[in-house]
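Along the sequence shown, residues are numbered consecutively beginning with 1. Hydrogens, waters and symmetry mates play no part in the numbers below; they use all other heavy atoms, side chains included. Here the structure is a predicted model, which means the values were calculated and not measured.
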Amino acid sequence: MEPVPDLIRALIYASSAPTAAEAGAIRERMTSVEFPTIDDHLAQRKEDRQWTAATTAIEFRSDIDEAIRAAARLGLYLRRGGYMAATIAATDRVVPTERIGRIKRPYTFVVYSADRDTLVTAYQFTSMDTIVVPGDALWVDLPA
C-alpha cells in the first residue's frame with residue numbers, strides 16, 4: 001500500500017471510496033501524527049464548553065484518537081487546494097463523561113491534512129451543515 005498522504009490524494013483524484021484496509025490505514029495514520037496546534041484548539045474547545053476546563057492536552061488527544069478509531073464516517077475532500085481526511089464519531093462513545101463540557105454536541109469531527117501530515121482541527125458539532133466541508137466531499141460509512 002502506498003503512503004497514506006499519497007493514498008488520500010489518489011482516492012480524491014479518482015473520486016474513489018477507500019477499501020476497508022485503506023480506511024484503516026488512513027485512520028491509523030491520523031492517530032500517529034502530530035497535532036501542532038493542540039493547545040490552541042483545546043483552549044477554544046474549553047471556551048466553547050465542549051470539554052471541561054480540567055481537561056489536559058494529553059486527555060484531549062486521547063479523546064481525539066478515540067474519535068478517529070471509533071469513527072462512523074470517513075470523509076475525503078479538497079479544501080483550499082489541500083487534500084484532507086476527516087472522521088465523524090458519536091461524542092458519547094469517545095469522550096468520557098467526566099471530560100464532556102456543559103455544551104456537549106452529539107458528534108466529534110477530526111481533520112487531517114495529507115499535505116502537512118498533521119491533524120489540523122478537532123471539535124464537537126451538531127449537524128453536517130455546521131461543519132465546513134465542501135459539498136463534493138466523498139463520505140464513506142465505516143463498520144461499527
| What distance do Leu42 atom CG and Thr55 atom OG1 have between them, rounded to the nearest 0.5 Å? | 6.5 Å
| message | Restricting to non-hydrogen atoms, name the atom on Ala25 and the atom on Val4 that form the minimum distance, rounded to 0.1 Å. | response | O-CG2, 3.5 Å
| query | Below 4.5 Å, heavy atoms only, C-beta onward: do Arg61 and Leu119 meet side chain to side chain? | reply | yes
| Inter-residue atom distance Arg69.CZ - Glu28.CD, 0.5 Å rounding | 10.5 Å
| Among Leu7, Leu76, Asp136, Leu138, whose side chain to side chain contact (heavy atoms under 4.5 Å, CB included) with Ile12 holds? | Leu76
| remark: On a heavy-atom basis, the closest approach of Ala89 and Ala67 is CB-O, 3.4 Å
| field | Pairwise distance CG(Leu11) to CG(Asp6) - rounded to 0.5 angstrom | value | 11.0 Å
| request: State yes or no: do Met30 and Trp139 share one hydrophobic cluster built from I, L, V, M, F, W and Y residues joined by side-chain heavy-atom distances below 4.5 Å, directly or via other members? | output: no
| field | Short side-chain to backbone donor-acceptor contact, Arg45 and Ala122, under 3.5 Å | value | yes
| message | Other residues, nucleotides and ligands only: do more than 12 of their heavy atoms fall within 6.0 Å of CD on Glu34? | response | no
| task | Output yes when a side-chain donor or acceptor of Arg27 lies under 3.5 Å from a complementary backbone atom of Ala70, and no otherwise. | result | no
| Minimum-distance pair of heavy atoms, taken over all atoms of Ala23 and Pro18 | N-CB, 3.9 Å
| note | One should read off an interatomic distance between Thr91 OG1 and Trp51 CH2, to the nearest 0.5 angstrom, of 6.5 Å
| Pairwise distance CD1(Ile64) to OG1(Thr108) - rounded to 0.5 angstrom | 9.0 Å
| query | Does the pair Arg73 and Met128 meet the rule for a side-chain contact (heavy atoms from CB on, under 4.5 Å), with working shown? | reply | CA-CA 12 Å; Arg73 300 189 83 196; Met128 289 296 286; 4.1 Å; yes
| request: Give the cluster check for Tyr77 versus Tyr83: same hydrophobic cluster or not, with ILVMFWY residues linked at side-chain heavy-atom distances below 4.5 Å. | output: no
| field | Residues Ser113 and Asp115: side-chain donor-acceptor under 3.5 angstrom | value | no
| message | Is there a path of hydrophobic side-chain contacts, each under 4.5 Å between heavy atoms, that joins Ile38 and Val33? | response | yes
| Just wondering, more than 12 heavy atoms not from Phe60 lying within 6.0 Å of its CZ? | yes
| said: List the residues meeting salt bridge (Lys or Arg N to Asp or Glu O under 4.0 Å) with Lys46, not counting sequence neighbours, and say none if there are none. | reply: none
| query | Are Val140 and Val133 connected, step by step, through hydrophobic side chains (Ile, Leu, Val, Met, Phe, Trp, Tyr) whose heavy atoms are closer than 4.5 Å? | reply | no
| said: Below 30° counts as parallel, above 60° as perpendicular, anything between as tilted: where do the rings of Phe125 and Phe109 land? | reply: perpendicular
| field | Test log, rule side-chain contact (heavy atoms from CB on, under 4.5 Å), inputs Val94 and Ile68 | value | CA-CA 9 Å; Val94 300; Ile68 294 165; over 6 Å; no
| Tyr123, Val95: one ILVMFWY side-chain cluster at the under-4.5 Å cut-off? | no
| said: Return the CZ to CD distance between Arg93 and Glu66, rounded to the nearest 0.5 Å. | reply: 8.0 Å
| request: Test side-chain contact (heavy atoms from CB on, under 4.5 Å) on His41 and Thr121 and set out the steps. | output: CA-CA 7 Å; His41 279 81; Thr121 195; 3.3 Å; yes
| Atom CD1 of Ile103: over 12 foreign heavy atoms under 6.0 Å | yes
| query | Is atom CZ of Arg105 surrounded by more than 12 heavy atoms (other residues, nucleotides or ligands) closer than 6.0 Å? | reply | yes
